[in-house]
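It should be emphasised that the depicted structure is a prediction, and the values quoted were computed from it without experimental measurement.
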Amino acid sequence: MVQHRVGYAPGVYDLFHVGHLNILRHARSQCDYLVAGVVSDEMAALAKGHRPVIPLPERLEIVRSVRYVDAAFVETVPDKVETWQQVRFDVIFKGDDWRGTEKGERLERDFAEVGVEVVYFPYTVHTSSTQLRRALDVLVSRPGALSAP
């Protein structure tokens with residue numbers, strides 16, 4: 001029997017950009033079936049301190065439409081092992097900004113117990129949703145910014 005390697009790539013995927021695309025592309029190249037975990041608005045607010053700009057149904061549709069993604073899953077709990085119990089993936093993909101951090105080490109420890117590999121990808125430093133959000137905030141705060149001509 002041929003074993004299929006199921007990958008899981010969680011993220012908020014707010015203000016979808018090339019960094020998101022790179023993670024999904026790299027993830028798909030290392031598994032047979034890729035599930036993208038799209039973090040719910042509530043979970044994103046807990047993790048990042050603010051709600052996403054793009055609402056969950058739209059983020060889910062965007063991610064589902066990326067050709068590297070075989071399925072999209074709404075992530076509603078902070079515990080990735082609890083998510084694994086629902087999705088049953090073999091490998092989880094994270095940005096390398098997690099490597100060597102307390103949360104990354106906890107992730108590796110927790111997943112080692114259930115036989116899931118943690119793979120890190122280079123974080124796209126020049127583009128992030130946080131940077132895009134800051135740029136939008138600056139534009140919106142300027143008098144007359146983004147107003148119709």
In Å and rounded to the nearest 0.5 Å, what is the CG to OG distance from Leu34 to Ser29?
9.5 Å
Using the ring of each side chain (for Trp, its six-membered ring), is Tyr8 parallel, tilted or perpendicular to Phe73, with breaks at 30° and 60°?
perpendicular
List the atom of Val38, the atom of Val12, and the distance in Å for their closest heavy-atom pair.
CG1-O, 4.0 Å
So how far is it from Arg25 CZ to Gln30 CD, rounded to the nearest 0.5 Å?
13.5 Å
How are the rings of Phe89 and Trp84 set relative to one another: parallel (under 30°), tilted (30 to 60°) or perpendicular (over 60°)?
perpendicular
Determine, using the 4.5 Å side-chain heavy-atom cutoff (strictly less than), whether Met43 and Leu60 are members of one ILVMFWY cluster.
no
hydrophobic_cluster_shared for Val118 and Val114, side chain cutoff 4.5 Å:
yes
Distance col, row Ile23:CD1 vs Tyr68:OH, nearest 0.5 angstrom, shows 13.5 Å
Considering all heavy atoms of both residues, which atom of Arg59 and which atom of Ser40 are nearest to each other, and what is their separation?
NH2-C, 3.9 Å
Derivation of the side-chain contact (heavy atoms from CB on, under 4.5 Å) call for Ile92 and Glu117:
CA-CA 6 Å; Ile92 185 169; Glu117 180 184 2; over 6 Å; no
Go through it in stages, so that I can follow the logic: the residues are Tyr33 and His4, the test is ring-ring contact (aromatic ring centres under 6.0 Å, His included), and I'd like the CA-CA distance, side-chain angles, deciding distance and then a yes or no.
CA-CA 7 Å; Tyr33 188 86; His4 288 286; 8.7 Å; no
Side chain to side chain donor-acceptor pair (under 3.5 Å) contacts touching residues 85-106 (sequence neighbours left out)
none
For Tyr13 and Glu58, what are the C-alpha separation, side-chain angles and deciding distance, and is it a side-chain hydrogen bond (donor to acceptor under 3.5 Å, both in side chains)?
CA-CA 10 Å; Tyr13 299 108; Glu58 292 178 26; over 6 Å; no
Answer with yes or no whether the hydrophobic clustering places Leu46 together with Val39; edges join I, L, V, M, F, W, Y residues whose side-chain heavy atoms lie under 4.5 Å apart.
yes
OG1/Thr76 to CG/Leu56 distance, rounded to the nearest 0.5 angstrom?
10.0 Å
Atom NZ in Lys80, atom CD in Glu75: separation rounded to 0.5 Å?
3.5 Å
Pick one: which of Phe111, Phe121, Tyr120 meets ring pair (Phe, Tyr, Trp, His ring centres under 6.0 Å) with Phe93?
Phe121
Answer yes if Leu24 and Val119 sit in the same cluster of Ile, Leu, Val, Met, Phe, Trp and Tyr residues linked by side chain heavy atoms under 4.5 Å apart, and no otherwise.
yes
May I ask you to say whether Arg5 pairs ionically with Asp32, meaning some side-chain N is under 4.0 Å from a carboxylate O?
no
For the backbone of Ala45 and the side chain of Arg51, can you confirm whether one donor and one acceptor N or O come within less than 3.5 Å of each other?
no
Count I, L, V, M, F, W, Y as connected when their side-chain heavy atoms are under 4.5 Å apart, and connections chain through other members. Are Val69 and Val6 then in the same cluster?
no
Between Phe16 and Val63, is the side-chain contact (heavy atoms from CB on, under 4.5 Å) condition met? List the steps.
CA-CA 8 Å; Phe16 196 88; Val63 171; 4.3 Å; yes
Using 4.0 Å as the upper bound for N to carboxylate O, is an ion pair formed by Asp14 and Lys48?
no
